[in-house]
Amino acid sequence: MTLHAPILDWYAEHNRDLPWRRQEATPWGILVSEIMLQQTPVVRVLPIWEEWLARWPTPESLAKEAPGEAVRHWGRLGYPRRALNLHACAKAITADFDGTVPATYDELRTLPGIGDYTAAAVASFAYGGRHVVLDTNVRRVLARAVRGEEFPPTATTAPERKLAESLIPAVDAPRWAVAVMELGALICTARAPRCADCPVAGRCQWLLTGKPAHDGPPRRGQTYAGTDRQCRGALLAVLRDSPGPVPKAALDAAWSNAEQRERALDGLLTDGLAELLDDDFYGLPT
DNA sequence: TAACCGTGGAC
DNA sequence: TGTCCAAGGTT
């Protein structure tokens with residue numbers, strides 16, 4: 001009934017050669033990758049990660065920069081507060097950890113923007129720690145293979161955590177974690193799983209019971225067009241694409257709905273993603 | 001707890 | 001074409 005050997009064997013043959021998985025990857029590079037990968041596909045992260053590590057190869061090098069530079073080079077990766085978080089991580093690592101990315105889960109959790117998953121991932125992948133690494137891929141694989149359900153619960157539950165904990169092998173826990181994640185990313189996908197290519201198809205409870213459809217509450221999909229988020233993105237793009245501060249009129253031209261525009265701008269200022277400078281000019285945080 | 005926080009590709 | 005979703009975190 002064990003899933004380990006088939007999944008580990010499958011991973012050995014089919015894993016992607018991602019730069020943050022290579023031997024020469026540093027803990028800092030791995031931390032940067034994990035934050036960039038939050039809710040963001042690998043293919044979009046790759047070029048930004050390469051540029052980022054070339055520009056800021058250490059926490060100290062990023063800590064010297066204005067936070068706005070981190071936001072600028074974040075480009076269009078999305079959720080730009082992650083760029084601020086990464087900059088704040090760099091400053092905290094430099095000030096409190098002597099420039100070295102901390103190795104323990106608890107220390108990592110003290111850093112901004114690092115929650116349960118990211119702390120476990122960095123402690124595992126950068127330092128070889130033994131942790132429950134529970135991301136959306138792992139949750140989906142376990143939901144299907146073990147629980148026989150198409151999708152995991154909306155929020156992570158104690159039984160899920162307990163199950164994942166029980167499956168961590170005695171040796172090389174990080175390899176197991178990355179292998180299950182990779183299986184979820186490449187084979188056991190959300191939309192159209194490639195069960196024909198799955199190494200545990202013969203022991204997947206969901207497949208063996210006829211792939212029953214998800215019967216829980218509908219998975220809420222949020223529209224994006226016309227939302228405050230889209231408006232914030234449009235305003236921030238103006239700031240990001242300008243080498244210096246821009247007049248308020250430049251922001252006004254980027255979004256027609258004035259009420260929404262002002263609300264979004266206030267949000268950006270509150271979040272520290274933008275600053276009001278002299279003469280009604282706005283810019284990235286300095 | 002559920003809403004909020006960007007963006008673009010796949011279907 | 002619009003919907004779904006991608007290595008989550010914070011409030």
Side-chain angles (χ1 to χ4, degrees), chain A residues 11 15-16 18-21 25 29-49 71 74-86 88-89 108-126 131-141 150-157 164 174 177-186 188-194 214 217-240 254-255 260 263-264 266-268 270-274:
Chain A
Y11 180 75
N15 74 83
R16 292 169 292 181
L18 303 175
W20 45 84
R21 288 181 184 165
I30 290 168
L31 189 160
V32 171
S33 79
E34 291 300 341
I35 291 185
M36 288 184 173
L37 286 163
Q38 291 169 0
Q39 298 285 284
T40 309
V42 164
V43 289
R44 289 178 48 209
V45 166
L46 278 169
I48 304 295
W49 185 89
V71 175
W74 193 255
R76 304 185 67 80
L77 261 193
Y79 293 141
R81 65 177 47 169
R82 292 182 294 163
L84 288 181
N85 286 338
L86 213 31
C89 279
L108 287 161
R109 279 300 301 265
T110 69
L111 299 174
I114 297 195
D116 172 69
Y117 162 76
T118 304
V122 172
S124 297
F125 303 146
H131 299 276
V132 176
V133 181
L134 209 49
D135 79 326
T136 187
N137 290 304
V138 175
R139 296 183 63 218
R140 189 174 54 248
V141 169
E150 185 177 18
F151 296 114
T154 303
T156 303
T157 62
V178 75
V180 181
M181 287 173 61
E182 192 78 334
L183 185 67
L186 298 183
C188 194
T189 56
R191 198 81 63 89
R194 299 159 56 183
H214 183 69
R219 303 155 59 84
R220 70 198 182 288
Q222 52 201 350
T223 55
Y224 179 65
T227 61
D228 284 9
R229 292 159 78 172
Q230 186 187 29
C231 181
R232 285 167 57 109
L235 298 181
L236 193 60
V238 172
L239 301 180
R240 200 173 48 224
W255 195 265
Q260 188 174 37
R263 183 169 64 241
D266 276 346
L268 291 174
T270 298
D271 292 346
L273 285 164

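Values below: every heavy atom of this structure, side chains too, minus hydrogens, waters and symmetry copies. In this text the structure is predicted, and so the values were computed from the model without any measurement. Letters go in sequence order (proteins before strands), and every chain restarts at 1.
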Taking only residues two or more places apart in sequence or in another chain, which ones pass side chain to side chain donor-acceptor pair (under 3.5 Å) with A:T136?
none
Under a 4.5 Å cut-off applied to non-hydrogen side-chain atoms, are A:L31 and A:L86 in contact?
yes
Counting any heavy atom closer than 4.0 Å, what does A:A155 reach on the DNA or RNA strands: base, sugar-phosphate only, or nothing?
nothing
Between P of C:dA6 and CD of A:E182, the distance in whole Å
14 Å
Name all residues meeting the side chain to side chain donor-acceptor pair (under 3.5 Å) criterion together with A:D266; count only those two or more places apart in sequence or in a different chain, and write none if there are none.
none
Scan A:L18 against the nucleic acid and name what it touches under 4.0 Å (heavy atoms): base, sugar-phosphate only, or nothing.
base
Show me the pairs that pass salt bridge (Lys or Arg N to Asp or Glu O under 4.0 Å) and involve residues 108-123 of chain A, at least two apart or across chains.
A:D116-A:R161
Nearest whole Å is fine: how far is C:dC4 P from A:E150 CD?
13 Å
A:R82 side chain to A:N85 side chain, donor-acceptor N/O pair below 3.5 angstrom
no
Within the 4.0 Å heavy-atom criterion, would you say A:W74 contacts the bases, only the backbone, or no part of the nucleic acid?
nothing
Could you measure between the two P atoms, the one in B:dA2 and the one in C:dA7, and give it in whole Å?
23 Å
Taking only the P atom of each, what is the distance from C:dG9 to B:dG8 in whole angstrom?
23 Å
Sequence neighbours excluded, which residues qualify as side-chain contact (heavy atoms from CB on, under 4.5 Å) partners of A:V238?
A:V246, A:A250, A:L251, A:A254
Between CZ of A:R232 and C1' of B:dT7 the distance, given in whole Å, is 14 Å
Check side chain to side chain donor-acceptor pair (under 3.5 Å) between A:T118 and all other residues, then give those that pass, not counting sequence neighbours.
A:Q38
A:L186 CG to C:dA6 C1': how many Å, rounded?
13 Å
Please work out if A:L236 contacts a base, only the sugar-phosphate, or nothing of the nucleic acid, heavy-atom cut-off 4.0 Å.
nothing
Atom pairs under 3.5 Å, N or O on each side, protein against nucleotides 9-11 of chain B: can you list them with distances?
none

Using whole Å, what does the distance between atom P of nucleotide C:dA6 and atom CD of A:E34 come to?
16 Å
Say we look at B:dA3 and C:dC4: how far apart would their P atoms be, to the nearest angstrom?
16 Å
Atom CZ of A:F125 to atom P of C:dA7: distance rounded to whole Å?
12 Å
Between atom NE2 in A:H214 and atom C1' in C:dC5, what is the gap in whole Å?
14 Å
Please identify each residue that fulfils side chain to side chain donor-acceptor pair (under 3.5 Å) with A:Y11, with sequence neighbours left out.
none
Residues two or more places apart in sequence or in another chain: which of them pass salt bridge (charged side-chain N to carboxylate O under 4.0 Å, His left out) with A:R76?
none
A:W49 side chain vs A:G29 backbone, donor-acceptor pair below 3.5 Å
yes
Could you check whether A:R139 gets within reach of a base, just the sugar-phosphate, or nothing at all, counting any heavy atom under 4.0 Å?
nothing
Separation of atom CD1 in A:I35 from atom P in C:dA7, rounded to whole Å
17 Å
Please write out each protein N/O paired with an N/O of nucleotides 8-11 of chain C under 3.5 Å, distance rounded to 0.1 Å.
residue	atom	partner	partner atom	Å
C:dG8	OP2	A:Q39	N	3.0
C:dG8	OP2	A:Q39	NE2	3.2
C:dG8	O3'	A:T118	OG1	3.4
C:dG8	N7	A:Q39	NE2	3.4
C:dG9	OP1	A:G115	N	2.9
C:dG9	OP1	A:G115	O	3.4
C:dG9	OP1	A:T118	N	3.0
C:dG9	OP1	A:T118	OG1	2.7
C:dG9	OP2	A:Y117	N	3.3
C:dT10	OP1	A:G113	N	3.1

